[in-house]
Each structure stands twice: as C-alpha cells, then as structure tokens.
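Presented below is the structure to which this report refers.
Please read these numbers as outputs of a predicted model, since none were measured by experiment. When a residue number appears, it is its place in the shown sequence, counting from 1.
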Amino acid sequence: MSNTQQHSMSNKIVSIAQTTKNLDDQVKWYCENLGFQAGKREILKGNWFDELLGMQNAVVDKAKLHLGEEELELWEFQNIESLKQNNYQGEMIPADSKSNDLWFQHICIVVSDIEEAFTKGANKAVQISSRPQTLPEWNTGAANIKAVKFKGIHGHPLELLNFPKDKGDDRWHNDNGDLYLGIDHTAIGVSDTKRSLQFYNGILGLDILGQGTNYGTEQDEMDGLKNTKVLISTLRPNPHGIGIELLDYQLPNQERRPRINPKPTDLNEWRIILSVNNLSELYGKIATSNLPQSFGSIVSIPDSTWGARKACRLRDPDGHALILIEE
C-alpha cells in the first residue's frame, strides 16, 4: 500500500486521554506546573458510552486541557461502588513502574527552554531521569535534543523536550515567547517493532517518519535504566499534529512487564483518540488482520463529544488503548 493510500485512512490524533483518580487535583497540577489551560468539562455516560468502553454503568467526569494546538483529556470514573461490584475497579500504576515496561506510555511536552520549564514544578515531581539530558552528537537523528522524564501526581510518566533548530516541526521554533509550546507525541512501549508497524502503519495508515536506536550514558540517565538500548520509531497521521513513538527496548533485557487484563478504569490506561476517514472500511481491515488485538463494535456517539458521529474502541498488539472516531 502506498503512503498516499495509507495516509487516507487516518486524519489526525484529536487528543490523548489519561485516566485519573482526582480530576480537580490533576487539572490544577497540569495548569500550575506544565502550562496547560483548563477547557470544557463534561460528563460522559449513557448506553453509547457503555458500549464504546465495553463495560456497564460507565460514568466519566472529563476535563479538557489545552496546550498550544493540542488537547489532553483527563477522565475520572464515577460510580466507584458499581465499578467494584462489576469487577471494574481500576488498578493503580505500580510504584516500581519502569521506562521499559510494556504498559509504559507518556506524552511529550515541547518547551522553549528546558531548564526553566523543569524548575516550574516538574523538578519537584517523582523523577524518572536524573536531570535534563542532552542527546549526543553521534546520534545524528536525535543530536542535541534536550529531554527529561518524570511522573505526574498519580504516577503517569511525562516528558519535557526541547528541539534544536534543525529538528522538530516548524511550530516548535516560532518565537512567540511561550515556555510550554504543545504536545509533540505520545510514546508507548512495544514488544515487537515489526508487528506494531504493521498495526499502526499497515492497518491504521500512520506514516513512518523516522527510526533510530538510542543508547549510552545520556539515555540511561534519561530513562532511569542501565545499559539502555531502545529502538524508536516515529509515526504521524499528518505532518503537523500529535504523533506516536514506538519504544522497543532491546536492553536492559530483563522481563518487560505487560499489562494483564487491562481495564478502562486502570490509572495507566491512556487512550489515543484517532480521527479516521472511513471507520467501516478500517474496521473490516482490523477484523481480518492476523495481529493480536481486541476491539469493540462501531457505536453511534453524540457529535458534541469529539465532533464525530461514530466510534469504536481498539487495543494495539501490546494492549495500548485507542478510540477511533469518524467525523
């Protein structure tokens, strides 16, 4: 399939949704420490929502946060007693969660000055990195990128990143005086790059923009690991929106822990909200593929939710969640 044909399947990543356990605290933390602006807040519920998530009596208090041109959604599930009775009580993110676990997922927040941005509050969070790192000159695809990883107040991994002038989209180099610029991508742990590329590129039609292997002292210090070697593949549904990075850790070679029986209510459940052109056609491709994944039926949804008429839930071969929508 040509890039043009593939690209026609997916329009853009509309937003990234993160599950939380205290929406008010989470909104405040993102706004005070990472430059987000609070937006619309709404309740998601009803038969369409139960069917979309594949669970009963789902009620979510959703807050939309804005940063630059991108959106982050925070979801807090309500009806806790009902969730417990139906075995849908969410799991916490393990305290010993590592960068190379297969449940790992983060968003990458682009900043104009990483040292200044880090000291605005991220430096007081639980740290994954030892400190902000500058990737070495020998790593030509990532040379002089500055980045630091840490955890939010409920354990969600996050990254601040600064692009040098010769890298990143043009919008990251607009001198508008802002410190926090937007969300470049969400990064996910994968166990088999070839298989994940077949899913994200071959089926969903995201374009492969680059691939490279990071290792060395700087990557160790950034990921909080030893002897790190990670194959990174970058994909986007369009040149300028949020992308997806596949993180395939070759080293360290201890077991990369998967999510077992993932539930929509788990705190490490992120959702990639992906707008597509022909959901019915894409659904057929997913259903007939030989890749391990799970998916729900196509559901009619209120157009006020994502500006879409139809949606379905989907998990990739490593269990990361997506919601496909057709506008």
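Other residues, nucleotides and ligands place no more than 12 heavy atoms under 6.0 Å from the NZ atom of K45. Atom CG of N261 has 12 or fewer heavy atoms from other residues, nucleotides or ligands within 6.0 Å. Within a 6.0 Å sphere centred on CG of N22, other residues, nucleotides and ligands contribute more than 12 heavy atoms. Within 6.0 Å of the NZ atom in K62, the count of heavy atoms belonging to other residues, nucleotides or ligands exceeds 12. Around atom CG of N47, no more than 12 heavy atoms belonging to other residues, nucleotides or ligands sit under 6.0 Å away. No more than 12 heavy atoms of other residues, nucleotides or ligands lie within 6.0 Å of NZ in K124, so this atom counts as exposed by the packing criterion. The number of heavy-atom neighbours closer than 6.0 Å to NZ of K310, taken from other residues, nucleotides and ligands shown, is above 12. Within a 6.0 Å radius of CD in Q37, other residues, nucleotides and ligands contribute 12 heavy atoms or fewer.
Under the 4.0 Å criterion applied to side-chain N and carboxylate O atoms, R236 and D169 are not assigned as salt-bridge partners. Between E218 and K146 there is no salt bridge, since no side-chain N of the basic residue sits under 4.0 Å from a carboxylate O of the acidic one. Here E70 pairs with R171 in a salt bridge; the nearest charged N to carboxylate O distance falls below 4.0 Å.
When side chains are defined from C-beta on, L274 does not count as touching Y200, because their heavy atoms never get closer than 4.5 Å.
The backbone N or O of R309 lies less than 3.5 Å from no partner atom in the side chain of D303, so there is not a single donor-acceptor pair. A distance-only check finds no donor-acceptor pair linking the side chain of E81 to the backbone of N79 [under 3.5 Å]. Remark: side-chain polar atoms of R256 are not paired, donor with acceptor, to backbone N or O of Q250 under 3.5 angstrom. Under the 3.5 Å distance criterion, the side-chain polar atoms of E327 are left unmatched by any main-chain donor or acceptor of W306. With hydrogens and angles ignored, the 3.5 Å screen pairs no side-chain donor or acceptor of D61 with any backbone N or O of I43. Remark: the backbone N or O of L102 is not paired with any side-chain donor or acceptor of D318 at under 3.5 angstrom. Side chain of D220 to backbone of N227: a donor-acceptor contact under 3.5 angstrom is found. Proximity of a side-chain donor or acceptor of H154 to a complementary backbone N or O of M92 within less than 3.5 Å is not detected. Without hydrogens or angle criteria, Q78 side chain to E76 main chain gives a donor-acceptor distance under 3.5 Å. A donor-acceptor pair under 3.5 Å is formed between the side chain of N238 and the backbone N or O of H240.
For residues 14-36, the set of pairs meeting the salt bridge (Lys or Arg N to Asp or Glu O under 4.0 Å) definition, not counting sequence neighbours, comprises D24-R41.
Counted by atom type alone, Q18 and Y30 present one or more donor-acceptor pairs between their side chains at under 3.5 Å. In this model, a donor atom of one side chain and an acceptor atom of the other lie less than 3.5 Å apart for E73 and S15. Residues R271 and T19 bring a donor and an acceptor atom of their side chains to less than 3.5 Å of each other. N139 and N214 form a side-chain donor-acceptor contact under 3.5 Å, judged by distance and modelled atom types alone. In summary, the side chains of E137 and N144 do present a donor paired with an acceptor at a separation below 3.5 Å, with no hydrogens or angles considered.
Between F295 and Y283, the ring planes lie perpendicular to each other; the angle is over 60°, past the 30° to 60° tilted range.
Listed by chain and residue number, nothing satisfies the salt bridge (charged side-chain N to carboxylate O under 4.0 Å, His left out) test with E221 (two or more places apart in sequence, or in another chain). Every residue meeting the salt bridge (charged side-chain N to carboxylate O under 4.0 Å, His left out) condition with K263, not counting sequence neighbours, appears here in chain and number order: E91, D266.
Considering CD1 of I188 and CG of L247, their distance stands at 8.0 Å, rounded to 0.5 Å. The CD1 atom of I286 sits 11.0 Å away from atom CG of D316, with the distance rounded to the nearest 0.5 Å.
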Kindly determine whether N268 and Q105 satisfy side-chain contact (heavy atoms from CB on, under 4.5 Å), including the steps that lead there. CA-CA 8 Å; N268 59 3; Q105 183 165 357; over 6 Å; no
Please step through side-chain contact (heavy atoms from CB on, under 4.5 Å) for the pair I107 and L158, ending with a clear verdict. CA-CA 6 Å; I107 54 170; L158 301 164; 3.6 Å; yes
